[in-house]
Amino acid sequence: MRILIAPDKFKSSLGAREVAENIAVGLRSVLPDAEIALLPMADGGEGTVAAICSAANGQWHECDVHDAYGRPVTARFATVDEGATAVLEASEAIGLWRIPAAKRDPMRASSFGAGELLLHAVQSGARKVIIGVGGSATNDGGFGLARALGFRFLDQNDAELLGPVSDLLTLARIERPPLRNWPEIIAAVDVRNPLLGADGATRVFGSQKGASPKELDVLENALTHLADVVMKDAEFDRREVAGTGAAGGLGFGLLNFVSATLRPGFDIVSDYVGLEDAVRSADIIIAGEGRLDAQTSAGKAPAGVADLARKHGKRCFAIVGSATPDSVGLFDRVVQLAIPPVTTEQAIRDAARLIRSRAKELALSWLNSSD
């Protein structure tokens, strides 16, 4: 039996490689002779650089940037293809993971640090830059990122806007920096949401970043006004492009300010790690992530793994922290960590042991039934 283990991270708990390794331990306790291959996945969020760097034998680099609240932090990016391509994650600088839940405030969070990180990657000499845009603490439409790249946002009195996202409500014009030759920039997006509306950045993800109902309205209006001014300046409107709502509208900012190409992060990672060939060679595939929900099918790694498995007629199972009923149909079977009496908090705290246990149960089910 040839088994491919290709999970994403379990957010707030384990990285994708740790998840894969623990699944393998559980399977081997029942199936010692199975051929097991580990292929940690990502979809543009945290873990994207690690997956690509590992697969492509890349080199890590460190640099000084600022987090979403302007505090100095050290971030990493990688170069692959002998330095020709730089790979980074916005979340390394402005990630939600850096901010304790009680202190999250998207009204003042800025993507400035992501712009700094992008500049460091460009200055490495890379001819192509891949930037994963998932997992940010921000909801500023790339306002901060653009400022870090030299753009100036001005009100009707030509005063520069340097403050919170709500300042965008007074935006009158955007002054672009001197023309520079940017390398090819690809934004690896982990969702397909547009910038605005019920399915947009603010309405879908804003509350996860700490916004109150009143603040959601302010943020939505601020991004709407930003899009209006950008449209007036560029003479075309990109607010409805799939993926512009990723990372609080960072996809929109990259598309408009540095002419980035938006691509599903899962597709980029799967190309680098050779996922399709691995699926084709396996008998059974196991995916996974911390939570399966309605967003999973909108560009997340487990759905991409399941799609490839179906394409090649392979069975695909998922081991996850928890799952909503509308998400389990993607897989032949879904095994959850957080099932009573195990709470979500316990599942996060004891994820490694529970993953091994659930993997063992899954393997036993293969031996004892037609699963």
Can you find a side-chain donor-acceptor pair between [X] and [Y] that sits under 3.5 Å?
| X | Y | result |
| --- | --- | --- |
| Tyr272 | Asp267 | no |
| Ser365 | Arg333 | yes |
| Lys209 | Thr138 | no |
| Asn139 | Thr202 | yes |
| His61 | Thr79 | yes |

Student check: side-chain heavy atoms of [X] and [Y] closer than 4.5 Å:
| X | Y | answer |
| --- | --- | --- |
| Leu161 | Asp155 | yes |
| Leu4 | Leu39 | yes |
| Leu219 | Pro106 | yes |
| Glu46 | Lys9 | yes |
| Val191 | Lys300 | yes |
| Leu88 | Thr48 | no |
| Leu96 | Arg104 | yes |
| Met231 | Phe236 | no |

Please determine if [X] and [Y] form a salt bridge, counting it only when a charged side-chain N lies under 4.0 Å from a carboxylate O.
| X | Y | result |
| --- | --- | --- |
| Lys311 | Glu276 | yes |
| Glu160 | Arg152 | yes |
| Arg203 | Asp217 | yes |
| Arg239 | Asp228 | yes |
| Asp271 | Arg263 | yes |
| Arg98 | Asp67 | no |

Where [X] and [Y] come nearest, the two heavy atoms and their spacing:
| X | Y | result |
| --- | --- | --- |
| Pro183 | Ala126 | CB-O, 3.6 Å |
| Val328 | Ala323 | CG1-CB, 4.0 Å |
| Leu275 | Ala6 | CD1-CB, 4.2 Å |
| Leu195 | Ala227 | CD2-CB, 4.0 Å |

Measure the [atom1]-[atom2] distance between [X] and [Y] for me, rounded to the nearest 0.5 Å.
| X | Y | atom1 | atom2 | result |
| --- | --- | --- | --- | --- |
| Asn256 | Phe151 | CG | CZ | 9.5 Å |
| Asn221 | Ser166 | CG | OG | 11.0 Å |
| Arg176 | Leu149 | CZ | CG | 11.0 Å |
| Gln336 | Leu354 | CD | CG | 12.0 Å |
| Phe252 | Thr244 | CZ | OG1 | 7.5 Å |
| Ser259 | Ile185 | OG | CD1 | 8.5 Å |

TODO: Verify salt bridge (charged side-chain N to carboxylate O under 4.0 Å, His left out) between Asp283 and Arg2, making sure each step is shown before the conclusion.
DONE: CA-CA 5 Å; Asp283 300 311; Arg2 294 166 297 181; 3.2 Å; yes
Would a hydrophobic clustering, with Ile, Leu, Val, Met, Phe, Trp and Tyr connected at side-chain separations under 4.5 Å, put [X] with [Y]?
| X | Y | answer |
| --- | --- | --- |
| Val204 | Val133 | no |
| Leu117 | Val49 | no |
| Trp60 | Ile131 | no |

[Y] backbone acceptor or donor facing [X] side chain under 3.5 Å:
| X | Y | result |
| --- | --- | --- |
| Asp140 | Ser111 | yes |
| His225 | Leu171 | yes |
| Glu361 | Arg358 | no |
| Trp97 | Ser12 | no |
| Asp167 | Gly163 | yes |
| Glu215 | Met107 | no |
| Ser54 | Ala51 | no |
| Arg238 | Leu255 | yes |
| Glu92 | Glu89 | no |
| Asp81 | Thr85 | no |

Task: Ring centers of Trp182, Phe257 separated by less than 6.0 Å - done: no
Task: Face-on cation placement of Arg108 at Tyr69 ring, 6.0 Å and 45° thresholds - done: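 Output yes; distance and angle both within limits.
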Open item on the list: Please check if the number of heavy atoms outside Gln123 that lie under 6.0 Å from its CD is greater than 12.
Closed with: yes
Task: Test applied, side-chain contact (heavy atoms from CB on, under 4.5 Å); reference residue, Ile23; option that passes from Ile36, Ile319, Leu362 - done: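 Answer to the side-chain contact (heavy atoms from CB on, under 4.5 Å) test with Ile23 among Ile36, Ile319, Leu362: Ile319.
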- [ ] Determine, stepwise, if the pair Ile286 / Ile3 fulfils side-chain contact (heavy atoms from CB on, under 4.5 Å).
- [x] CA-CA 8 Å; Ile286 300 179; Ile3 304 170; 4.2 Å; yes
